[in-house]
Amino acid sequence: MEDFIHLHVHTYYSILDGQSSIKRLVDKAIGNGMKGMAITDHGDMFGIKEFHDYVGGINKGRKKDGLEPFKPIFGCEMYVSRYGSKMLKDDKKHQGGYHLIVLAKNYTGYKNLIKLVSRSWVDGFYMRPRTDREDLEKYHEGLIVCSACIAGEVPKKILNGDIAGAREAIEWHKRVFGDDYYLELQRHEVKDPTIRANRETFPMQEQANKVLIELAHEYGIKLVCTNDAHFVDQENAEAHDHLLCLATSKDLDDPTRMLYSKQDIRQDRDLQHRPRPHHAILPHS
């Protein structure tokens, strides 16, 4: 099996959405033999210092044991304004934005990621901290970006039948980020018929993935497989479900409430049900 590391991970710093503690995430990744992992909380970098410090302590012990250091990758799942400038705030349609995974591959990228996230809060906040293409282009150096889940611009436009729009978005990101732009594949299939979970997302992911793979071949863009991780172990799924009820002010038995697939977990090293990426990526220092 090819090496796999997680590049789309939400900790408990994705407030009322992620449930995972950084310590448990890192410990499980190391226990699964992974070489590193990213954290990509929604719109913020609140967990970066805890992540850095905990991995730093781990690596001191690994060095003594003659082991390679575990690689912490600093990132953020950012919201990108859908209609141009992040300064647009005069209509409900400007709230939130397309999702985009942004990872720092070196110190320059880390500084630029800080700038992007800070500006998204200070200047772009409208329901969510938002960035825009102008800032992404201005602060692109040293960054890797991935097209994110089906709430990302490219997969969203594919699902809406706007293939021309998806192509335009791919061409823009490829022009700005070059080989540091990746198209992202996810598959969250619910196989247990007895649990109450989101079963609508998987068919949409499969629909988007088919086109993403075709476009990746056409444009010469590498693919990366991710799992939209929000909790650590399978047995945490129900607790995470309760957390979503708190976040959305819904009762657990409300038939209209938000549901996850309960597959949004830290995966072990068995990737047999995943589409195989052209390349695994591990940002370098």
Side-chain angles (χ1 to χ4, degrees), residues 5-9 36-48 51-52 71-88 94 96-126 128-149 151-157 165-185 212 215-216 218-224 226 277-285:
I5 64 170
H6 283 281
L7 298 174
H8 191 138
V9 179
M37 63 167 271
I39 61 170
T40 56
D41 285 307
H42 283 300
D44 70 60
M45 297 174 67
F46 301 155
I48 295 299
F51 187 37
H52 172 272
K71 185 75 171 183
I73 303 167
F74 304 149
C76 180
E77 184 168 17
M78 301 196 72
Y79 300 94
V80 184
S81 175
R82 297 185 184 94
Y83 300 98
S85 172
K86 67 181 183 298
M87 304 304 290
L88 295 171
H94 297 141
Y98 293 120
H99 293 202
L100 185 71
I101 295 295
V102 185
L103 306 170
K105 70 173 183 177
N106 51 36
Y107 185 57
T108 297
Y110 174 65
K111 292 192 292 183
N112 279 331
L113 182 59
I114 289 173
K115 290 175 183 175
L116 283 170
V117 173
S118 295
R119 288 169 66 89
S120 74
W121 282 92
V122 174
D123 300 322
F125 190 89
Y126 190 51
R128 296 285 188 273
R130 302 170 306 146
T131 189
D132 56 23
R133 286 189 177 186
E134 181 181 354
D135 271 9
L136 286 168
E137 185 158 13
K138 183 175 181 180
Y139 299 109
H140 75 277
E141 187 178 355
L143 294 176
I144 288 171
V145 296
C146 306
S147 58
C149 57
E153 182 175 5
V154 175
K156 188 78 169 177
K157 288 181 175 179
R167 286 181 176 278
E168 185 278 331
I170 286 174
E171 290 166 4
W172 185 87
H173 286 88
K174 184 172 174 58
R175 177 182 65 79
V176 173
F177 294 97
D179 289 339
D180 289 327
Y181 175 56
Y182 291 76
L183 292 176
E184 186 171 343
L185 306 177
L212 287 168
L215 291 172
E218 180 181 339
Y219 284 97
I221 296 172
K222 293 182 288 293
L223 294 164
V224 60
T226 70
H278 293 173
H279 297 274
I281 63 174
L282 183 63
H284 54 81
S285 59

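- Although no hydrogens or angles enter the test, the distance criterion places a donor-acceptor pair under 3.5 Å between the side chain of R130 and the main chain of H94.
- At a threshold of 4.5 Å between non-hydrogen side-chain atoms, the residues Y126 and K86 do not count as touching.
- Taking the side chain as every heavy atom from C-beta outward, V154 and L212 approach each other to under 4.5 Å.
- Within a 6.0 Å radius of NZ in K157, more than 12 heavy atoms belonging to other residues, nucleotides or ligands are found.
- Taking the side chain as every heavy atom from C-beta outward, R119 and Y139 approach each other to under 4.5 Å.
- Proximity of L136 to V176: side-chain heavy atoms (C-beta onward) are nowhere separated by under 4.5 Å.
- A heavy-atom distance below 4.5 Å is found between the side chains of I170 and I221.
- Of the possible polar contacts, none joining the R133 side chain to the H173 backbone as a donor-acceptor pair under 3.5 Å is found.
- With contacts defined as side-chain heavy-atom distances shorter than 4.5 Å, the pair T226/L185 does not qualify.
- At a cut-off of 3.5 Å, with distance as the only test, no side-chain donor of R175 or Y181 sits close to an acceptor on the other residue.
- Under the 4.5 Å side-chain criterion, counting only non-hydrogen atoms from C-beta, T131 is not in contact with Y79.
- In E134, the CD atom is not crowded: 12 or fewer heavy atoms of neighbouring residues, nucleotides or ligands sit closer than 6.0 Å.
- Ring geometry for H52 against F74 counts as tilted: the plane angle lies between 30° and 60°, on a 0 to 90° scale.
- Side chain of N106 to main chain of G109: a donor-acceptor pair is present (N/O by atom type, distance under 3.5 Å, no hydrogens or angles).
- The closest side-chain donor-acceptor pair between E141 and T108, if any, does not fall under 3.5 angstrom.
- Under the 4.5 Å side-chain criterion, counting only non-hydrogen atoms from C-beta, C146 is in contact with V224.
- A distance of 5.5 Å separates CD of E77 from NE2 of H99, quoted to the nearest 0.5 Å.
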